[in-house]
Amino acid sequence: MRAREPTMTPSEKQYRLDLRYLRMARIWAENSYCQRRKVGALVVKEKMIISDGYNGTPSGFENVCEDDSGITKPYVLHAEANAITKLARSSNNSDGSTLYVTSSPCIECAKLIIQAGIRRVVYSEQYRLQDGIQLMQRAGIEVVYLPEETAEAQHNNPSTHES
């Protein structure tokens, strides 16, 4: 007979889902051709992934994100922008969804997130600028920071739980 898993509160269930989707976003980031930084994003609505994205060049461009000096080319799209614009070409919409992204959104992506109707953003790495986070909070978006170390510790020892 199989042992029953202890009953989890709704917040514990959400925490575990957040960790899983962040791990998936990190895996998705591996698709990026960018050398300096690889970022992945997933848009989730009602426990379904409705869009995904990673940082890279626009469709039809060569998959080279940096110039010869190692500077990111100005037309490189962020993972969040790729995921949100992908939604525009689908029959899905992001009203009330959650965005999982490996790095905290910049101010430009924060504007897209607000306009897309995303209500929650979960990220695992702090970007040097916090203006995107501040703008989303000002717009009433729930912003959750789950450091990668916390996510890895939870993944390696699922019996522990930090709130």
Side-chain angles (χ1 to χ4, degrees), residues 12-66 70-133 135-136 141-158 162:
E12 288 171 326
K13 285 180 184 178
Q14 186 61 60
Y15 177 78
R16 287 194 177 184
L17 277 174
D18 288 347
L19 292 174
R20 286 184 188 121
Y21 285 124
L22 274 177
R23 277 198 317 270
M24 292 169 73
R26 278 196 299 280
I27 291 167
W28 201 244
E30 294 172 14
N31 288 317
S32 173
Y33 287 91
C34 296
Q35 300 300 308
R36 288 183 55 220
R37 180 183 207 118
K38 295 179 183 293
V39 180
L42 299 175
V43 181
V44 176
K45 187 174 181 177
E46 297 168 6
K47 295 185 184 176
M48 291 188 314
I49 297 170
I50 60 170
S51 191
D52 54 55
Y54 50 87
N55 57 328
T57 57
S59 298
F61 282 62
E62 73 289 347
N63 288 319
V64 179
C65 297
E66 295 87 9
I71 306 293
T72 301
K73 293 180 178 179
Y75 53 83
V76 168
L77 290 160
H78 290 186
E80 308 93 316
N82 264 327
I84 291 168
T85 56
K86 224 183 211 185
L87 277 168
R89 296 177 70 163
S90 76
S91 59
N92 289 316
N93 75 65
S94 50
D95 285 339
S97 64
T98 298
L99 173 73
Y100 293 90
V101 62
T102 56
S103 184
S104 59
C106 69
I107 189 93
E108 294 303 317
C109 287
K111 291 189 264 185
L112 292 174
I113 290 164
I114 293 164
Q115 290 301 99
I118 293 169
R119 301 306 317 147
R120 195 164 175 268
V121 174
V122 181
Y123 68 99
S124 59
E125 292 174 28
Q126 294 278 10
Y127 182 63
R128 61 184 169 81
L129 301 175
Q130 293 296 297
D131 51 358
I133 299 294
L135 184 65
M136 290 185 297
I141 294 173
E142 179 186 353
V143 179
V144 179
Y145 172 50
L146 291 176
E148 194 167 341
E149 312 81 59
T150 302
E152 285 305 311
Q154 176 69 25
H155 179 63
N156 294 331
N157 186 3
E162 293 178 21

When every non-hydrogen atom of V76 is compared with those of T57, the smallest separation belongs to CG2-CG2, 4.3 Å
More than 12 foreign heavy atoms under 6.0 Å from CD of E62: is that the case here?
yes
Determine yes or no for a side-chain-to-main-chain donor-acceptor pair under 3.5 angstrom, with S103 supplying the side chain and Y127 the backbone.
no
Any side-chain heavy atom of S104 sitting closer than 4.5 Å to one from Y145?
no
How close do E125 and Y123 get, heavy atom to heavy atom, and via which atoms?
O-CD1, 3.3 Å
Full working for side-chain contact (heavy atoms from CB on, under 4.5 Å) between I84 and I118
CA-CA 10 Å; I84 291 168; I118 293 169; 4.1 Å; yes
Not counting sequence neighbours, which residues clear side-chain hydrogen bond (donor to acceptor under 3.5 Å, both in side chains) with N93? List them please.
K45
Rounded to the nearest 0.5 Å, what's the gap from CG on N92 to CD1 on I49? Could you check?
12.0 Å
Testing the basics here: between G40 and A29, what is the closest heavy-atom pair and its distance to 0.1 Å?
N-CB, 3.3 Å
Checking the side chain of Q35 only, and the main-chain atoms of Y33 only, is there a donor and an acceptor separated by less than 3.5 Å?
yes
Supply the atom-to-atom distance L77 CG to N82 CG, rounded to the nearest 0.5 angstrom.
4.5 Å
How long is the gap from CH2 on W28 to CG on D52, to the nearest 0.5 Å?
4.5 Å
As a quick check of understanding, evaluate side-chain contact (heavy atoms from CB on, under 4.5 Å) for L17 and Q14, giving each step before the final call.
CA-CA 5 Å; L17 277 174; Q14 186 61 60; 4.2 Å; yes
For C34, is there any backbone N or O sitting under 3.5 Å from a side-chain donor or acceptor partner on K38?
yes
Please report the closest heavy-atom contact between A41 and L99, naming both atoms and the distance.
CB-CD1, 4.0 Å
Any side-chain heavy-atom pair of R120 and V144 under 4.5 Å
yes
Donor-acceptor contact present, side-chain S51 to main-chain A83, <3.5 Å
yes
Of all heavy-atom pairs linking M136 and P105, the shortest is CE-CG, 3.8 Å
Take a 6.0 Å sphere around NZ of K13 and say whether it holds more than 12 heavy atoms from other residues, nucleotides or ligands.
no
Assess whether side-chain contact (heavy atoms from CB on, under 4.5 Å) is satisfied between I141 and R119, documenting all intermediate values.
CA-CA 5 Å; I141 294 173; R119 301 306 317 147; 4.2 Å; yes
For A116, is there any backbone N or O sitting under 3.5 Å from a side-chain donor or acceptor partner on S94?
yes
Go through D18 and Y100 one step at a time and tell me if the side-chain hydrogen bond (donor to acceptor under 3.5 Å, both in side chains) criterion holds.
CA-CA 8 Å; D18 288 347; Y100 293 90; 2.7 Å; yes
If you draw a 6.0 Å radius around CD in Q130, do more than 12 non-hydrogen atoms from other residues or ligands fall strictly inside?
yes
Flag side-chain contact, heavy atom, 4.5 Å: Y15 against L146
yes
What's the shortest heavy-atom distance between Q126 and R37, and which atoms?
O-NH2, 4.3 Å
Show your reasoning for whether side-chain contact (heavy atoms from CB on, under 4.5 Å) applies to C65 and N55.
CA-CA 9 Å; C65 297; N55 57 328; 5.8 Å; no
Drop me the distance from I27's CD1 to L22's CG, to the nearest 0.5 angstrom.
11.5 Å
Spatial distance of atom CG (L19) from atom CD (E148) [nearest 0.5 Å]:
11.5 Å
Are E108 and H78 packed together at the side-chain level, in the sense that at least one heavy-atom pair is separated by less than 4.5 angstrom?
no
